[in-house]
Each structure stands twice: as C-alpha cells, then as structure tokens.
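To keep things clear, I will list the structure first and then write my remarks on it.
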Amino acid sequence: MSNNETLTSKDFASDQDVRWCPGCGDYSILKQMQTVLPSMGIARENLVFISGIGCSSRFPYYMNSYGMHSIHGRAPSVATGLKLANPDLSVWIVTGDGDALSIGGNQLIHLLRRNLNVNILLFNNEIYGLTKGQYSPTSEIGKQTKSSPLGSIDHPFNPIALALGAEATFVARTMDRDPVRLREVLQQAHEHKGTSLVEIYQNCNVFNDGAFEKYTDKKQRDSTSLFLEQGKPIVFDGGKKGLRLNGLQPQVVELANGYSENDLWIHDSQDATKAHLLSRLFSDADPRPFGVLYQTERSCYEEALTEQMDTSLKTKGTGDMNALIKGKNSWTVS
Amino acid sequence: MAQATVLQKVIIHFAGDSGDGIQLAGSQFTTTTALQGNDLRTFPDFPAEIRAPIGTIAGVSGFQIHFGSIAVDTPGSEPDVLVAMNAAAFSKNFGNLKKGGILIVNESGFDKRNLKLAKLPEDENPLEQIAEGDYKVFNINISQLNRDAVKELTLSTKEKDQSKNLFVLGFVYWLYSRDLAPTLDFLKDKFKAKPVILEANQKALKAGYHYGETIEASERFVVEKADLPAGDYRNIVGNESLSLGLMAAAQKANLELFFAGYPITPASDILHFLARQKNFGVKTFQAEDEISAVTAAIGASFGGALAVTASSGPGIALKGEAMGLAVMLEIPMVIVNVQRGGPSTGLPTKTEQADLFQALYGRNGEAPIPVLAPATPSDCFDTAVEACRLAVERMTPVILLSDGYLANGSEPWKFPKMEDLPAMAAPFATDNGTYLAYARDKNLTRKWAIPGTPGKEHRVGGLEKEAQTGNVSYNPENHEKMVHTRAQKVALMANTYAPLKILQGAASGKVLVLGWGSTYGAIKVAVRWAIEGGLSVSQVHIKHLFPLDTNLGEILAQFETIIVPELNNGQLVKVLNQEFKGRIVGLNKIQGLPFKAKEILEEIEKHV
C-alpha cells in the first residue's frame, strides 16, 4: 500500500473542474467521499469509481483514482467484470435514480443477488436532472414535470425495499445534507464484505428543489427522521417519541405517555424481518429511517469463482493448452 | 461374403425424432470416420424446439456427413444414404436422397400412428410406393431387433429403446466398414457410472453390426484413407475451435481470458466449453442479459483481461451501445456473432450471413470496428487468434462473424502447436513518465494502464476524449480529429494482414468468385468443377471484412466479372460496389441453408 496514511482528501480530487450546478447536493457527497477515503486505507491505484449516465455519473471524473464513466444503467455490470478480473480492487459504483432504478434496473438487482464485494452509491434526487426535469422512477405520484404536465401516474419505487427484495446484504439510507452520518455510512459500506447499497437523498436544486426538505430541514428533521443506531432503541423528536413493535406493526409512541425506552424497538440491522418493516416506513405520515437498515454476511460471487478455479486447478492441474487442442481423438498422417 | 466395393466418397444423412439420439449417432460416426483417416465435413440440422411433438416433421433432427478418400469441402447436398428412424424423418428427407441411393428405415416407425403424425396417408405405407430398383431399401425393424439385443438387461422398455440409435449406427458401421472401437471407448467413458446402460449401448451397437453380417446378399463398402497433408489431426466443431483459439490467444498474449455471455443459440456452446476450462485460468460469467455480458467484458478489459463476449444477431443488437463505448475507450475486446437467420428471432437454428451490415454499421456515431470471418470450422481457431491479436495489439474491439453452419459443422483439423502461433503483446504503459491515456504510438494505438498500477490513475468514459490527455472535450475540432484518428487507427490494421491470395485459378480471367465466411467450401467445389470444365474462373476468399485487404482492388481489377455468393440479400456485394469499380454481382440465398456447389456453378456458367 502506497503511503496512504499521509494522503489527504485533496489527494483524491482530480485536476478536472467540477461541473455540477452550483448548489447541487452532489458536491457534498463528493466532498464526504474524498474526506473519508484517507481513513479507509485504500491505495489510490486500487481505487476505482464506475458510473453510468446522469448528473451523478460524472463523479469518477472528479476523483483522482481509476475510473470509468460508462453507459446508461450498466455500471453494475462494468463493475462486475472489473471485480472478476481483479478482485483486489476497491470498486465503487456511482449511480442515480434513473440510472439504477429505471434503465439499469436489471443490472442493479442482479448485482445485489450476486453480492460482489463492491459499493453502490445511489444518488436519489427523484428527478431526471441531466435531461432537464422529467419524473423519475422515484418521483411521487402526481408530480408535475415536463413529461407529466398533469402529474405523474407512475407508482414510485421504494429503493430500500427493492434492494432487500433483491437479496442485498447491506442496505443503508443517508442524505447529502447530513455529512457526518453520510461519512459514517460510507465507512460502513466500505467495511462490509459484499455489495453495499447506499441510497443517498440528494437535492437537485434546479429541477426538484426541496424534495427532501422534510428530512433535511433543521426544524422539521427531528420529528420526521429516524436515525438508526445498532443496538439502541429507536427514538426521535428529541427523545420525545419512539418506535415500538405492536405485533408486526411498527407504532409511533409518545415516551411521556406511559411508554419508556424499555418498550421500544431495539434496532438490529442483522434482523431481516425488522429491516423489511423499516423499509415499509415510506409514506409521508411515517417517520423515515436513516442509517444502516440491514446488513448480513453471504458468500461473494468473486470469491466463489476464485474457489472454483482453485479447486479445478488442484484436481486437474494446470491446463496444458497443447493437450487441450489435441483433444481425445487425434491421429497422425505421415 | 461379397467383396466390398471401394467408394471415393459418401454422403450419409441420419434422421429421426429429436429424442432419438441422432446427433450422438452422427457425431460418433464422424469421430470414427475421422480416426479412419477420411477427409470429411459434417452439418447437423436440428429443430428450434427442444422436443417438438414426437413423430412430427417439426421434431425431426438430422445429421449429415460427407466423407471420402478424396478432398471433401462441403457436407454435400444429396445424400447417398438416408437413415430414417420414423415416417416423419423419411418424409422430410426422402426427396433429397440420390436416385439409386440406400434407404435404411426403422420399420416400426411407419405404423399408422407415425404415418398420421408425419401427415402421410394412414392406409398406405410410403415405402411400398418406392419402385423396385430405384433405391436399395433396408426396411429393418430396428426397435424390435434392438429390444431383442438388450432383452436380458434389467431396464424398462423406454430405457431399452434408447439404444436403438446405436443399433442403427452399428449397422451403418458394418455397411461402410467402420471400426467399432472408438464408439465403444466413448460409451465406456460416457456411461462409466451407469454399467447397465453402458452394456445396453454396447450390445445394441454390436447387434447392429452383426445384423449387417447376417443379412444376405448385401453389398458392403470401403472408403480408403484420404491423402491429407502430413501432420497431426483431430476432428473439430466450429464453436469449439473458436473457443480454443480464444484460449490460445490469451495464453500467447499472457492475459487472463474473461468470457461473458448470455445463453443464445447457436453461440451458447462457446460459453459451455469455456466454463469447463477453469484450470486454464479462464473466467466465465453467465450474465443476466446481453447488455450485462458485453459491459462486464468491458469492465474486465478495463481491468486487464482479454475480454470476450459472444452472441447471435438479436443479442449483438442489444450490445450495440456498449460496443460504441468500447470504441471510445479503445480497449481490447472480441465480440463474437454466431450468425443465424434473422431479422428478430428469425430462424434460430439455421445459418445465415445477414449480420454483416450490423457488424459494419450497427452503432451510433462513427464507430469503426474491425470485422473478421472464419471460412471453415477449423478456421474458427485461426480467426479467433487473429481477432485477439488485433484487439490486444491495437487496443480495439474486434467483431468475429461466425455462423450456425460453422458453429455446428465439423471437419478434420491439422491442429497447430502453441509454439507455432504468432506472438502477441499488449501495449502496457510501462514507462515512469506521466501517463497520457490517449497518447498514441506510430500505429495510433494508445497505451494500456490497468487499475492497480501506481501512478497511472486515469478516468475513461463514453464522452469524447481530448487527444493525448483523454480528458472530456467538447471542442469541435478535437471531435473531428478524434473521429479521423479512430478511423485511421483501424485502417492501419490492414497493413498487418497476410497478403490476400487467389486460392484457385489464374491471377486474371473472366470470372472471380469472391466469398467470405462459411460459403468457402461450396465455392471451392464449384470453382474446381468450373476449372475442370475448362472455364476461366478463379476463387478468392476474404477473412477481413473490415478493413478490407489492401491488395483486394488489384485482384478484382484482373477479372471481367466478380461473383459474390452470400447467404443474405446482398451485403458484401454492396460494400464492394461502393469501394471498387468493375462488374461485381451478387448470388444470394436466404433459406437458412448453405449453398450447394452446383448452385454456384450454375451462376458461374452464366458469366463465362
């Protein structure tokens, strides 16, 4: 590893001008990534960012690492091929709600089930930005855009639930305007072995400004956001409210009103059932969970492939190309 | 017993229900015949459905072999022998059988039920309509004789019937004086875990052979060894030959072979073959779709592997956008298209050459990709090696256009040794200076720096690149320059080809037959016949469809008429007419079937 301890966030910034719109949430995500990288201990030459198409997908150009800005929706597949060719690399996929959930939906779900050890940063701004403002697969019903002048009639995806359904082994949600927790989640995603899906609420101040204001605004966020901490009771609204399980139904309770922290739901990201229930807290009336919702261990595809190759090598010995070309039935003409 | 009659060459067509084991019988006859030293060509003809309704014409599976003691260049058109396991197989193929030929039929496959399924009149046996003397008919109750042969074995009737293909194979082996040993060895290996099934198959094969000995007054044949050039030979099917070529090239280039594919007929066998080669360091990835397969290959290539994806026309259409990315990235990669009948799903199990335009032009923007096509099953090996060489040495995606006929057809192959293959080396960035991702050498090739290499960190992508730095550039002059550079880079590859040669006939004359791909054998035979008949005809066959051979224009200029036979509606002929002057005419067949040599000969005769 090449002198990584001495690297700073600036060492991970490329010489290219960043060309996102002023005020875009992408700037914060880029900055938090560059800030947290020195502590991850990845040699710069082993770090690769792969993106698809869209505003978020310009990300690799701004990182002083290896990178590829590929085609729309296919970053998961490019990353898969790269990781299979060289499993030692730290591979990060940067994608958006249109890229990952619309055109690249198939690539996303298959990467999640295969569980290669890579990280996905899904910038969700609930809009198509680079094509100048059409509704996306995460836009809410009724959203008026250029392509939905009477309001969108498309039921939106719940990306967290989708990832859980696709057998993801690490599912987290965070926000561009919450830098500290964003950095924490990036660190945890890096440490997780398997595909880490990090949904990042990202504000598009030009085409969908304030989409997540409810969760980012200092005045509102305490009462709307659940910041999950492993092993701790789920409380919010400055400790006034909590979440308890009433059978299999999550229930918001007032802590002063006959409930104590002992009654509350203890967050356990290893619990698939609880993760599913948390993912369903998705309506405007529900508080929205942030942090690591689910994490489990499962064999990684590239490791299983390496294992098969090693086994094959052990049982059959190194392949002899001349013998393979010759085959089992050859003859000589003299 | 009568003296065996010596024949120079024979065409046998095996036909039966798709569950009858026809492909196995055919491939076993092929292996045995190859080991006996005959020249040969084979071509299977199977239905698109895995198990179409039993007994129907749609469910007929066929396998044709043409073998001889003289040169054999095609699987032949009209068989000398037809083996028909049921009425449907008879009905589909009898019209093709050469007059006076041998018909071997399974009597029990002609009962009322089978006649009805074959849509033949139920109350008249078509075999009885054949005039005595027109054909030599062996009407054998194969099903019953086979059951008798294996009756002592504890097997169900269904299991017993499964060896009837070996019974008939045994009979044909006797008829054409073939050795039983290779098939007996094959069976031992295949059924080593199932001793009773093994015994049944062995008994059936021998019983069929002995049946030949016991029936009286039947003529027996011998086909002597062919006079092949000295060397080591094996029989090879196109898809396997192609796969071996990819592996050999990876080893020569000292790169890891990474293959990504999505199942599709007739390309899947490449994935199947390579998936078995893990102890050679071959990594295979069955992707969730065609787009994932090609983009995974791009990712692997970016990571330093020799990356390959294979598909057929519909899959290649899906890969188009990513192939454009590979052009932009200038990374080595091979895209194999095993062509089949199109458009859309078309004729999945039939052969065609109609994806040439797709290969040449099927991408957005100015996206030149070299295109190569093999001529024969064994040439798939050489063409795969050549495609990899161009890809690796010149940092470019390369398209290899095979087809269903080459993929499944077979021939004897004088196989090379690894040490005889050309060396190839990827242009890795090895110097210590600043790495400019799009700086080029004299061949306009950029240097390859793969992730994991310290100090060469860089970003690539589908946006237009600034010359030298590779940074994103929207500069108008830069874009035009880069388009020209990419075109020029590909054009320069033609300088590395072995010179194109006239294969038969004089260097100048009345007619030149110019082919590409799998039409090679039929053209070769037709031109040979024409020359033997005293006509002024020559043959040339091009492997490089883009960029074209640098001396092609000179060759064409020496002939009054150029005939371009293609299994499409006239694609190469349009390209040639655009590039060259002269009288260049097409000969086109679009039936999902290969050319017959006589069809090409008839066209030649019109022009001399």
Side-chain angles (χ1 to χ4, degrees), chain A residues 2 14-16 43-51 53 60-61 63-86 88-89 106-107 109-110 305 308-309 311-313 315-319 321-322 324-334, chain B residues 31 34-35 37 182 228-236 244 247-248 251 256 258 260 277-281 283 285 287-289 291-293 295-305 307 321-322 325 329 415-418 450-463 471-472:
Chain A
S2 59
S14 77
D15 59 355
Q16 299 295 296
R44 208 169 53 186
E45 66 269 20
N46 289 333
L47 180 66
V48 190
F49 285 85
I50 305 285
S51 64
I53 293 292
Y61 289 124
M63 296 298 302
N64 189 7
S65 67
Y66 282 93
M68 188 197 297
H69 177 212
S70 77
I71 50 176
H72 209 7
R74 317 309 169 196
S77 311
V78 174
T80 296
L82 176 64
K83 188 74 180 175
L84 291 179
N86 185 352
D88 298 333
L89 300 172
N106 205 31
Q107 275 60 58
I109 59 175
H110 289 275
L305 178 65
Q308 281 193 347
M309 296 188 64
T311 306
S312 177
L313 204 58
T315 53
K316 293 184 179 172
T318 307
M321 203 56 219
N322 274 325
L324 188 72
I325 290 173
K326 187 172 183 229
K328 281 184 187 168
N329 291 300
S330 65
W331 68 96
T332 303
V333 174
S334 47
Chain B
T31 304
L35 289 170
L228 296 168
D232 293 327
Y233 285 81
R234 65 169 292 189
N235 198 60
I236 192 86
L244 287 169
M247 289 176 69
Q251 226 173 68
E256 199 172 71
F258 176 89
Q277 315 304 340
K278 293 196 165 53
N279 62 322
F280 288 80
K283 289 178 179 169
F285 173 60
E288 63 272 22
D289 58 36
I291 298 172
S292 170
T295 44
I298 287 174
S301 173
F302 183 60
E321 184 195 10
L325 175 66
L329 299 181
F415 56 86
K417 288 232 171 350
M418 284 297 287
I450 60 172
T453 314
K456 306 249 182 294
E457 294 84 5
H458 66 285
R459 277 66 56 195
V460 293
L463 287 170
N471 290 330
V472 173

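As the structure is a computational prediction, the values presented were derived from the model and not from experiment. In what follows, every chain begins at residue 1, and chains take the letters A, B, ... in the order their sequences are listed.
Only the backbone of B:Pro229 has a heavy atom closer than 4.5 Å to any heavy atom of chain A. B:Glu321 touches chain A through backbone and side chain together, each having a heavy atom under 4.5 Å away. For chain B, the nearby parts of A:Ser70 are the backbone and the side chain; heavy atoms of each come within less than 4.5 Å. Residue contact with chain B, scored on non-hydrogen atoms closer than 4.5 Å, involves the backbone and the side chain of A:Ile325 alike. Contacts of B:Phe285 with chain A are made by both backbone and side-chain atoms, with heavy-atom separations under 4.5 Å. In this structure, chain A has no heavy atom under 4.5 Å from any part of B:Ala297. No part of A:Lys83 comes within reach of chain B, as not one of its non-hydrogen atoms sits under 4.5 angstrom from that chain. Both the backbone and the side chain of B:Ala248 have a heavy atom closer than 4.5 Å to some heavy atom of chain A. Within the 4.5 angstrom heavy-atom criterion, atoms from both the backbone and the side chain of B:Ala34 approach chain A. If you measure heavy-atom distances from B:Ile450 to chain A, the contacts under 4.5 Å come from the backbone alone. In this structure, chain A has heavy atoms under 4.5 Å from both the backbone and the side chain of B:Leu244.
Annotation: the span from A:Arg74 atom CZ to B:Leu325 atom CG amounts to 11.5 Å, rounded to 0.5 Å. A distance of 10.5 Å separates NZ in A:Lys328 from CZ in B:Arg234, rounded to the nearest 0.5 Å. Considering CD of B:Glu457 and CZ of A:Arg44, their distance stands at 5.0 Å, rounded to 0.5 Å. For the atom pair B:Leu35 CG and A:Ser330 OG, the distance stands at 8.0 Å (nearest 0.5 Å).
Note on A:Asn46, A:Leu82, A:Asp15: by heavy-atom pairs under 4.5 Å with chain B, the leading option is A:Leu82. Most heavy-atom pairs under 4.5 Å with chain A, from the set B:Thr453, B:Thr31, B:Ile298: that is B:Thr453. Per-residue counts of heavy-atom pairs under 4.5 Å with chain B were compared for A:Leu305, A:Leu47, A:Val78, A:Thr332; the largest is that of A:Val78. When the candidates A:Asn106, A:Thr80, A:Asn86 are compared by the number of heavy-atom contacts under 4.5 Å with chain B, A:Asn106 comes out ahead. When A:Asn64, A:Ile50, A:Asp88, A:Thr315 are compared by the number of non-hydrogen pairs under 4.5 Å with chain B, A:Asn64 comes out ahead.
Exactly one of A:Leu313, A:Leu324, A:Thr318 qualifies for a side chain to side chain contact (heavy atoms under 4.5 Å, CB included) with B:Phe280. That residue is A:Leu324.
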For the pair A:Ile71 and B:Thr295, evaluate side-chain contact (heavy atoms from CB on, under 4.5 Å) and give the outcome as yes or no after the intermediate values.
-> CA-CA 9 Å; A:Ile71 50 176; B:Thr295 44; 4.0 Å; yes

Show your reasoning for whether side-chain contact (heavy atoms from CB on, under 4.5 Å) applies to B:Arg459 and A:His69.
-> CA-CA 8 Å; B:Arg459 277 66 56 195; A:His69 177 212; over 6 Å; no

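A:Asn322 places no side-chain N or O within 3.5 Å of a backbone atom of B:Lys417 that could act as its donor or acceptor partner. B:Lys283 places a side-chain N or O within donor-acceptor distance of the main-chain N or O of A:Leu84, the cut-off being under 3.5 Å. The backbone N or O of A:Ser312 lies less than 3.5 Å from no partner atom in the side chain of B:Asn279, so there is not a single donor-acceptor pair.
The two residues A:Leu89 and B:Pro451 have their closest heavy-atom pair at CD1-CB, 3.7 Å. Across A:Ser334 and B:Ala230, no two heavy atoms sit closer than the pair C-CB, 4.1 Å.
With a 4.5 Å cut-off on side-chain heavy atoms, A:His110 and B:Ser292 do not count as touching. Looking only at side-chain heavy atoms (C-beta outward), A:Gln107 and B:Glu288 come within less than 4.5 Å of each other. Contact of the B:Asp232 side chain with the A:Lys326 side chain is not registered, since no non-hydrogen atoms from C-beta on lie closer than 4.5 Å.
Between A:Tyr66 and B:His458, the two ring planes are perpendicular [angle over 60°; tilted spans 30° to 60°].
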